[in-house]
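These notes concern the structure reproduced below.
Numbering of ligands and ligand atoms starts at 1, following listing order.
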Amino acid sequence: MPDLAAALRTIPDFPSTGIQFKDLTPVLADPALFAEMLDRLAAPWADAGVTHVVGIEARGYWFGAALAARLGAGFLPARKPGKLPGATLREAYALEYGEDAIELHAADLPAEARVLVHDDVIATGGTAAAACRLVATAGATVVGCSFAVEIAFLDGRATLPDGVPTEAVVVV
Ligand code: AMP
């Protein structure tokens, strides 16, 4: 069986000193590992009635769009400000220094949508929490949050909205 945890590459001090960067490119590059990751990302949500996956720029697109296809769902990119051409909703979130924001084409998300929020890695949870708020502001429902990797000691789950089921394939 393909070993996803063993394939995960940790790059010390990237992009800045003290960060242990979790690099998933070896998983993407290997067909068996890529398929295994998609199988394991999709499995918990098979019966959740997911209609749309919202993937977070940019690494949330790597698995997010393929995950949506596996689930028979649509895919919406949550993008950095100014990247989406149509009318957008915006949600800001705090970074260690300063703040950032993500935007969504809300017109592509029906009010009855049942949304799975996906990113490659959950660290502090601030980015995924902002994506959850964005979906709620658009009037749709977040049915879950999905990550390839969870950095457990940062307890990002505590930052996500109360009661939203959360799954991660590899917990480090
Ligand atoms: P968060 O702190 O959960 O808001 O994480 C913010 C974003 O940065 C997510 O999109 C993650 O993909 C990325 N990220 C944060 N920490 C790491 C890390 N140690 N390795 C790889 N990506 C990270």
*Might you point out which heavy atoms bring Leu4 and Leu33 nearest each other, and give the distance in Å?*
CD2-O, 3.5 Å
*Roughly how far apart are Ile122 CD1 and Cys145 SG, rounded to 0.5 Å?*
7.0 Å
_Closest non-hydrogen atom pair, Tyr93 against Ala130_ = CD2-CB, 3.6 Å
*asked:* Yes or no: does Ile56 have any heavy atom under 4.0 Å from an atom of ligand 1?
replied: no
*asked:* I'd like to know if Gly156 contacts ligand 1, where contact means a heavy-atom distance under 4.0 Å to any ligand atom.
replied: no
*Would you mind telling me if ligand 1 is within reach of the side chain of Gln20, the backbone, both or neither, using heavy atoms under 4.0 Å?*
backbone
_With rounding to the nearest 0.5 angstrom, report the CD1 to NE2 distance, Ile56 to His118._
8.5 Å
*asked:* Just verifying a value: how many Å separate Thr127 OG1 and Leu95 CG, rounded to the nearest 0.5 Å?
replied: 7.0 Å
*Per-atom contacts, ligand 1 versus Ile151 - under 4.0 Å to a heavy atom*: 18 (C), 19 (N)
*How close does the nearest protein non-hydrogen atom get to atom 20 (N) of ligand 1, and which residue and atom is it?*
Lys22 N, 2.9 Å
*Which heavy atom of the protein is the closest neighbour of atom 6 (C) of ligand 1, given with residue, atom name and distance?*
Thr127 OG1, 3.0 Å
_Salt bridge present between Lys80 and Glu57 (N-O < 4.0 angstrom)_ = no
*asked:* For the CG atom of Leu134 and the CD atom of Glu91, what is their distance to the nearest 0.5 Å?
replied: 6.0 Å
*Write out the residue and atom name of the closest protein heavy atom to atom 17 (C) of ligand 1, then the distance separating them to 0.1 Å.*
Val121 CG1, 4.1 Å
*Under 4.0 Å from a heavy atom of Thr124: give me the atoms of ligand 1 that qualify, with their elements.*
1 (P), 2 (O), 3 (O), 4 (O)
*Closest approach of Ala68 and Gly74, non-hydrogen atoms and distance?*
CB-O, 3.5 Å
*Any N/O of Gly125 closer than 3.5 Å to an N/O of ligand 1?*
yes
_Nearest protein heavy atom with distance in Å, relative to atom 22 (N) of ligand 1_ = Arg59 NH2, 3.4 Å
*Which ligand 1 atoms does Gly126 reach within 4.0 Å, using its non-hydrogen atoms?*
3 (O), 4 (O)
_atom 10 (O) of ligand 1 - nearest protein heavy atom and its distance_ = Asp119 OD2, 2.5 Å
*Under 4.0 Å from any heavy atom of Asp120, which atoms of ligand 1 are there?*
11 (C), 12 (O)
*Going by the angle between their ring planes, with limits at 30° and 60°, are Phe63 and Phe34 parallel, tilted or perpendicular?*
tilted
*Short list, please: which atoms of ligand 1 are under 4.0 Å from a heavy atom of Ala123?*
1 (P), 2 (O), 3 (O), 5 (O), 15 (C), 16 (N)
